[in-house]
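Everything on this sheet refers to the single structure shown next.
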Amino acid sequence: MRDEFISVAAHELRTPLTALQLKLGGLGSLVTRNPAALTQDVPRLAGRVDSALRQVERMAELVERLLDVSRIEGGRLELRRELLDLGQLLSKTVEDFREQFASAGCPVSLDILAGDFRGYWDPRRLEQVFGNLFSNAIKYGSNHPVEVRLERRGDEVLLSVRDHGIGISEEDLVRIFSRFERAAAPGRYAGLGLGLYITRHLVTAHGGEVNVTSTPGQGATFQVQLPCQTPPPDSVGLDEASPEAP
Amino acid sequence: MSSAAAFDTFMLHDVAALEHDLEPGLAGGDPPSPPGGGVGAPTGGHAPTFACDDRLVLIIEDDIDVRQSLAEVLEDAGYQVVVAANGREGLERLRQAPLRPFVILLDMMMPEMDGWEFRQQQQRDEELVAIAVVVITAHTDAGLTARRLKAAGFLGKPIKLPVLLETLAHLRPAGGSGQG
């Protein structure tokens with residue numbers, strides 16, 4: 001497992017590294033071969049530098065995910081809870097992903113039903129949960145619509161992310177939340193295979209649950225339930241004192 | 001780590017040696033296509049039924065950043081570039097285009113249609129079979145993959161720009177025969 005993990009992680013790091021190496025190589029040869037180009041088309045050049053920086057961010061993000069696994073395994077994952085409106089956070093995350101949805105040919109709909117979505121959660125970690133579910137919907141459901149829905153039901157908030165992609169077979173449903181597992185055929189989909197594993201841990205740390213239903217060939221629906229009530233500050237072992245909390 | 005450099009690339013003449021050890025392949029009794037002579041000479045010696053552009057490169061790569069970076073540096077180097085996000089799109093581009101690329105840069109791990117399936121379909125198509133393929137992959141077994149696919153070469157990710165340009169320059173028909 002360890003070898004396989006290192007191999008998968010190395011493969012994933014090589015992708016942004018490839019883009020970065022080509023970007024910098026291209027910029028380097030421009031500088032040496034055609035210095036005049038540096039002042040001729042500044043916006044284009046700036047765009048290339050931005051794009052190189054984005055590769056660095058991609059790599060930093062991968063390193064963070066690897067560290068998340070280490071934190072989860074070592075019981076060191078800390079939540080920084082603060083009072084927030086989950087509806088707002090969800091809308092913002094959908095907006096952040098709008099370009100990715102569009103370039104994958106996924107029309108996205110966001111349906112926030114009437115209700116109170118305020119609670120004490122870790123915004124960064126829940127944004128990560130939303131992002132993981134959106135990334136999966138995009139990866140396995142490209143060129144199909146994605147429906148995101150948020151509703152309040154009793155003391156819980158229910159989020160569902162539904163795609164219409166390749167779906168997940170019954171036998172795979174049980175293992176997709178495990179580390180390095182994925183249902184899709186190997187060799188076709190990039191990624192660490194850690195997204196759902198981390199997602200499940202982040203949701204569980206918030207006292208919630210994540211479930212999935214699917215019909216192979218027709219898509220999958222991931223549902224996250226999060227309790228709304230404010231927990232006493234030290235009721236959850238994973239908690240860190242939240243400086244923002246009143 | 002010293003072996004990593006060996007995975008960077010191997011060129012056409014290396015394949016010529018390798019293919020003697022492999023089962024008879026797409027080129028029939030012909031020698032592996034040298035730069036300048038390979039395009040349009042599929043099994044059976046049919047006359048080429050299409051035109052090949054010695055500046056046109058098809059990039060089949062699912063990662064948008066890698067795809068754009070490759071396109072960018074190749075355009076800087078004077079090539080014309082057509083891009084596709086997976087094997088199925090790659091076949092579409094090839095079949096639609098009035099001119100065929102002289103080389104296809106082929107990623108292996110892609111959704112919808114991966115590099116293996118693309119190459120199989122390409123080899124079954126008499127009009128496309130002669131286009132040289134250079135495998136690009138982040139896996140350490142890039143060389144083995146390229147041999148199995150009877151590719152003209154491979155580039156291990158991360159890709160060094162000079163190696164990329166050198167690889168394409170060797171495969172470019174005009175570079176070998178002056179054919180226009």
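Chain letters run A, B, ... following the sequence lines, proteins first and then strands; every chain starts at 1.
Atom CD of B/Gln68 sits about 11.5 Å away from atom CZ of A/Arg48, to the nearest 0.5 Å. Expressed to the nearest 0.5 Å, how far CD of B/Glu72 lies from CG of A/Leu27 amounts to 7.5 Å.
Considering every non-hydrogen atom in both B/Ser69 and A/Leu22, the closest pair reads CB-CB, 3.9 Å. A pairwise comparison of heavy atoms in B/Asp65 and A/Arg58 identifies OD2-NH1, 2.9 Å as the closest pair.
Residue B/Asp76 touches chain A through both its backbone and its side chain, counting heavy-atom pairs closer than 4.5 Å. Only the side chain of A/Ser29 comes within contact range of chain B, with heavy atoms under 4.5 Å apart. With a threshold of 4.5 angstrom between heavy atoms, A/Gln55 approaches chain B through side-chain atoms but not through N, CA, C or O. For B/Leu164, the part lying under 4.5 angstrom from a heavy atom of chain A is the side chain only.
A side-chain contact (heavy atoms from CB on, under 4.5 Å) with A/Arg14 is found for exactly one of B/Thr140, B/Val66, B/Thr137, namely B/Thr140.
Side-chain contact between B/Glu112 and A/Ser142 is present, with heavy atoms from C-beta onward closer than 4.5 Å. Taking 4.5 Å as the limit, some side-chain heavy atom of B/Met109 sits within range of a side-chain heavy atom of A/His11.
Applying the 6.0 Å contact sphere to CD of B/Gln96 captures more than 12 heavy atoms from other residues, nucleotides or ligands. Atom CD of A/Glu170 has 12 or fewer neighbouring heavy atoms from other residues, nucleotides or ligands inside a 6.0 Å radius.
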